[in-house]
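Remarks on the structure that follows.
Only this structure's heavy atoms are used, side chains among them; waters, hydrogens and symmetry mates stay out. Letters A, B, ... mirror the listed sequences (proteins, then strands); counts begin at 1. This structure is a prediction, so every number in the text was calculated from the model and none was measured.
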There are 2 protein chains.
Amino acid sequence: MARAQFDKEQVLESAANAFWRLGYNATSMQTVFEKTGLKPGSIFLAFGNKEGLFKEALGHNTEQSLIKLESTLTQYETVEEAIRHILVSFIEESCQSNYCSCFLVKSQLELSDHQVELQDYVSERLRKIESLYFKHLLKTNSESEAQAKASSVMLHIFGVRVYGYHSQSKNQLMDALRLGLPWLAWPSVH
Amino acid sequence: MARAQFDKEQVLESAANAFWRLGYNATSMQTVFEKTGLKPGSIFLAFGNKEGLFKEALGHNTEQSLIKLESTLTQYETVEEAIRHILVSFIEESCQSNYCSCFLVKSQLELSDHQVELQDYVSERLRKIESLYFKHLLKTNSESEAQAKASSVMLHIFGVRVYGYHSQSKNQLMDALRLGLPWLAWPSVH
DNA sequence: AATCAACTTGAATGTTCATTCAATATTTGT
DNA sequence: ACAAATATTGAATGAACATTCAAGTTGATT
């Protein structure tokens with residue numbers, strides 16, 4: 001019995017990259033064949049169909065994001081400082097010329113009622129992210145405070161992911177985050 | 001010379017509805033023909049191509065939104081009260097079973113580098129909305145305060161448009177808005 | 001009632017789409 | 001070395017796609 005000869009992880013990353021950049025509907029399997037160098041048969045044998053490939057690509061991508069997030073949330077003195085750094089890095093991402101929002105957020109908005117399974121899959125991953133913030137905020141907050149703050153952080157992240165498309169938005173975004181998330185103890189500007 | 005026999009406004013509304021619900025790429029012209037009852041030739045003569053139809057549909061939709069927004073922002077005692085009502089109505093929208101975020105936000109995230117003209121068109125409309133909030137906030141705020149508050153409101157609106165997909169999110173959203181927009185003077189819950 | 005530009009019609013076009021499958025190649029167990 | 005199991009290949013398939021256009025219809029103007 002012959003084993004897979006292509007690196008599944010590498011294929012998932014190429015596919016995720018295409019789906020992220022172009023969106024689910026605008027990414028043709030043809031594009032995937034080109035980006036991965038694989039032939040139709042191989043892809044369809046390994047992933048079933050386009051939805052299956054998308055689901056695995058998104059899952060793989062999100063898993064990595066969650067690992068990175070967990071690591072970031074513990075590597076600073078306080079959770080607040082960590083969250084500040086995360087938000088600032090999102091703003092900086094949005095200043096790059098090839099800015100493309102966030103794979104999960106884009107997918108959440110693009111998928112329609114015809115793909116309920118994928119929609120639920122995306123929602124579940126976004127909820128996982130929020131519960132990670134919640135878990136860490138619980139260390140220094142009551143349950144209800146932590147929940148409200150976690151939701152507020154998610155709201156601001158979503159906001160940045162959309163607002164980021166406006167060019168020249170860096171300063172406006174920073175001011176808005178300072179105003180909306182005062183409990184993050186932003187260093188004063190002098 | 002025979003005049004157009006279909007109601008252009010009605011066609012644009014049907015088209016906008018489809019584009020909004022399904023997204024630009026997942027909406028086929030076939031769908032548009034069915035929803036409007038028109039034949040290919042009529043649509044293509046009137047709007048040039050799919051992009052042209054999309055642009056006009058989005059433009060028409062946004063124009064109506066701007067009119068409604070302007071009206072809402074002036075019909076309450078204070079701007080703050082008006083914004084509160086707008087945000088609450090967005091949350092209530094998100095509780096409906098057929099919730100579908102916001103046409104502009106969805107379009108902003110779906111369109112890719114291959115449709116720069118449409119992208120810019122969407123960005124411009126979103127900026128118009130922000131400047132409307134800014135204009136009204138200027139009445140009771142300094143320029144820099146008004147700008148930060150307008151950006152913060154946009155951030156929260158974008159957030160609600162994404163967060164709204166989570167079921168059972170109404171209370172979490174309300175708490176997060178109270179936390180992130182304290183200057184809106186929310187009535188206390190008792 | 002004749003004219004003619006503007007509009008509508010809908011079958012036809014050529015392209016691109018996701019997916020299939022018979023043939024071929026490769027790896028592993030015996 | 002052979003057999004069995006599994007991967008890869010890539011041309012082929014049929015459906016769906018955006019768009020075109022020649023022929024027909026409409027209604028205001030002459």
Side-chain angles (χ1 to χ4, degrees), chain A residues 1-58 107 110-119 121, chain B residues 1-58 107 110-119 121:
Chain A
M1 39 189 152
R3 273 182 311 198
Q5 268 167 4
F6 60 85
D7 181 352
K8 198 167 181 178
E9 196 161 318
Q10 208 171 302
V11 167
L12 287 178
E13 271 160 35
S14 296
N17 188 57
F19 283 131
W20 182 0
R21 218 161 288 285
L22 303 170
Y24 177 77
N25 289 296
T27 302
S28 68
M29 293 305 290
Q30 185 65 28
T31 304
V32 174
F33 305 149
E34 282 160 16
K35 283 228 179 194
T36 60
L38 293 177
K39 309 291 164 182
S42 300
I43 298 270
F44 281 93
L45 184 74
F47 305 102
N49 55 24
K50 191 182 176 184
E51 273 200 33
L53 173 62
F54 178 81
K55 202 169 163 181
E56 284 204 44
L58 189 99
S107 303
E110 185 186 359
L111 300 170
S112 73
D113 304 343
H114 300 127
Q115 301 135 323
V116 182
E117 200 198 326
L118 287 182
Q119 268 193 325
Y121 193 72
Chain B
M1 39 187 154
R3 274 178 311 196
Q5 265 160 16
F6 61 85
D7 181 352
K8 200 167 179 179
E9 196 160 317
Q10 208 171 301
V11 166
L12 286 177
E13 271 161 33
S14 295
N17 188 57
F19 282 130
W20 181 359
R21 217 162 289 287
L22 302 169
Y24 177 77
N25 289 296
T27 302
S28 68
M29 292 306 289
Q30 186 64 31
T31 305
V32 175
F33 306 148
E34 282 160 15
K35 283 227 179 194
T36 60
L38 292 178
K39 310 291 164 182
S42 300
I43 299 268
F44 280 93
L45 183 73
F47 303 102
N49 55 22
K50 191 182 175 183
E51 273 201 34
L53 173 63
F54 178 79
K55 202 169 164 181
E56 286 204 42
L58 189 99
S107 303
E110 184 186 359
L111 300 171
S112 74
D113 304 341
H114 299 126
Q115 301 135 323
V116 182
E117 200 199 326
L118 287 182
Q119 267 192 324
Y121 193 73

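The distance from atom CZ of B:F6 to atom P of D:dG27 is 15 Å, rounded to the nearest whole Å. The CE-C1' distance, from B:M29 to C:dT16, rounds to 17 Å in whole Å. Residue A:I43 contributes atom CD1, which lies 14 Å from atom P of C:dT20 at whole-angstrom precision.
Here OG of B:S112 is found 7.5 Å from CG of B:N25. Values are rounded to the nearest 0.5 Å.
Distance alone, capped at 3.5 Å, is enough to place a donor-acceptor pair between the B:T27 side chain and the B:G23 backbone. Remark: side-chain polar atoms of A:E110 are paired, donor with acceptor, to backbone N or O of A:Y24 under 3.5 angstrom.
Checking C:dC17, D:dT9, C:dT8 against the side-chain heavy atoms of A:S42 singles out D:dT9 as nearest.
Taking 4.5 Å as the limit, every side-chain heavy atom of A:L38 sits out of range of all side-chain heavy atoms of A:V32. The closest side-chain heavy-atom distance from B:F54 to B:S107 is below 4.5 Å. Residues B:F44 and B:L53 fail the side-chain proximity criterion, which asks for heavy atoms closer than 4.5 Å. In this structure, the side chains of B:Q10 and B:T36 stay at 4.5 Å or more apart for every pair of heavy atoms.
Sorted by first and then second residue, the pairs that involve residues 38-57 of chain B and meet side chain to side chain donor-acceptor pair (under 3.5 Å), not counting sequence neighbours, are B:K55-B:E117.
Contact check of residues 44-58 of chain A against DNA chain C (heavy atom, cut-off under 4.0 Å) returns A:F44, A:N49, A:K50. Interface residues of residues 31-41 of chain B facing DNA chain C, ordered by number: B:K39, B:P40, B:G41; criterion, heavy-atom separation under 4.0 Å.
Counting any heavy atom pair closer than 4.0 Å across all strands shown, A:S28 reaches sugar-phosphate atoms only and no base atom.
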